[in-house]
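Remarks on the structure that follows.
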Amino acid sequence: MAKKLTLSAISDIPMIEPGDDVAAIIVTRLRSDGIIPNDGDVIVIAQKIVSKAEGRYVNLADIAPGPKALELAKATGKDPRHVEVVLSESTAVLRYRTNVLIVAHRLGFVMANAGIDESNIDHSRGDPLVLLLPSDPDGSCAKIKQTIDAEFKVSIGVIINDSFGRPWRNGVVGVALGCAGVPSIESLVGRPDLYGRRLQITEVAVADELAAAASLMMGQASEGMPVVHIRGFDRPAENKPARALVRPKELDMFR
């Protein structure tokens, strides 16, 4: 039989506020859409709504930029207060130029602006707000999984995804910031190829591939589809958190 993977964007997810129970909201919306999760299904959730629920807002009016932030702001053309927040979430500044600031996030991700931005945030109150990444994405996934598993008496996977740019390629793609109940990475070392030759170094970023697929349904602008249900994924390996996807600095040839 042909293999099939089905992705469904969950409808009518409300605007999330600090303190909202994202897992409970997803449970309600799954039922309303007539989707009852099976064992092995995966729920992919946009980082923004998890961060909002966890209250990861920073008001730039409360930020006093230091000398390093002022220097980088001048070089990049960015708001020095925003740069100060980026530095507070980073362990190192790796590259910068006009409109570009690439850092090593404290969670290990190499990314632009430490994942901090102002898009898809309600600025109607006039506050200059930015939104940080979840403080523990793998932990957030584990909690959401626990609630959904208990509600439907299943064992699902949960991924928090975000959009990353990439060296050598234009455009952004979805990647997994956190996951639970999913093999974030699978080693194919030792498996035979079509001609019986054993693979030597191949690893597959499984959670990133699922995150990227879900991003096609979520969109990047005003689509308002931050939760995607995936069915048909065959878990090929043991479950690992998303932090297993972060390449150690000593193995990174570009740092």
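In this text, all values refer to a predicted model and were calculated from it rather than measured experimentally.
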Distance-only criterion, 3.5 Å: show the donor-acceptor pairs between side-chain atoms of residues 194-207 and protein atoms not counting sequence neighbours.
| residue | atom | partner | partner atom | Å |
| --- | --- | --- | --- | --- |
| Arg198 | NH1 | Gly190 | O | 2.8 |
| Gln200 | NE2 | Arg198 | O | 2.9 |

Sorted by chain and residue number, the side chain to side chain donor-acceptor pair (under 3.5 Å) partners of Arg95 (sequence neighbours excluded) come out as none
Considering non-hydrogen atoms only, spot the tightest contact between Glu118 and Leu129 and give its length.
CG-O, 3.5 Å
Contacts of Ser155 that satisfy side chain to side chain donor-acceptor pair (under 3.5 Å) - sequence neighbours left out:
Lys145
With sequence neighbours left out, what residues match Ala75 under side-chain contact (heavy atoms from CB on, under 4.5 Å)?
Tyr96
Sort and list the pairs that fulfil side chain to side chain donor-acceptor pair (under 3.5 Å) and have at least one residue in residues 18-28, not counting sequence neighbours.
none
Mind checking side-chain contact (heavy atoms from CB on, under 4.5 Å) for Val175 and listing every partner two or more places apart, or none if nothing turns up?
Phe164, Val173, Asp208
Which residues pass the salt bridge (charged side-chain N to carboxylate O under 4.0 Å, His left out) test with Arg106, not counting sequence neighbours?
Glu89
Results of salt bridge (charged side-chain N to carboxylate O under 4.0 Å, His left out) for Glu151 - residues two or more places apart only:
Arg31
Sorted by chain and number, sequence neighbours left out, side chain to side chain donor-acceptor pair (under 3.5 Å) with Asp252 holds for Arg255
Name all residues meeting the side-chain contact (heavy atoms from CB on, under 4.5 Å) criterion together with Pro80; count only those two or more places apart in sequence or in a different chain, and write none if there are none.
Pro65, Leu70, Ala73
Please enumerate all residues that pass side-chain contact (heavy atoms from CB on, under 4.5 Å) together with Lys74, with sequence neighbours excluded.
none
Could you tell me whether the side chain of Ser88 and the main chain of Val85 form a donor-acceptor pair under 3.5 Å?
yes
The criterion is side chain to side chain donor-acceptor pair (under 3.5 Å); which residues satisfy it with Asp33, sequence neighbours excluded?
Ser11
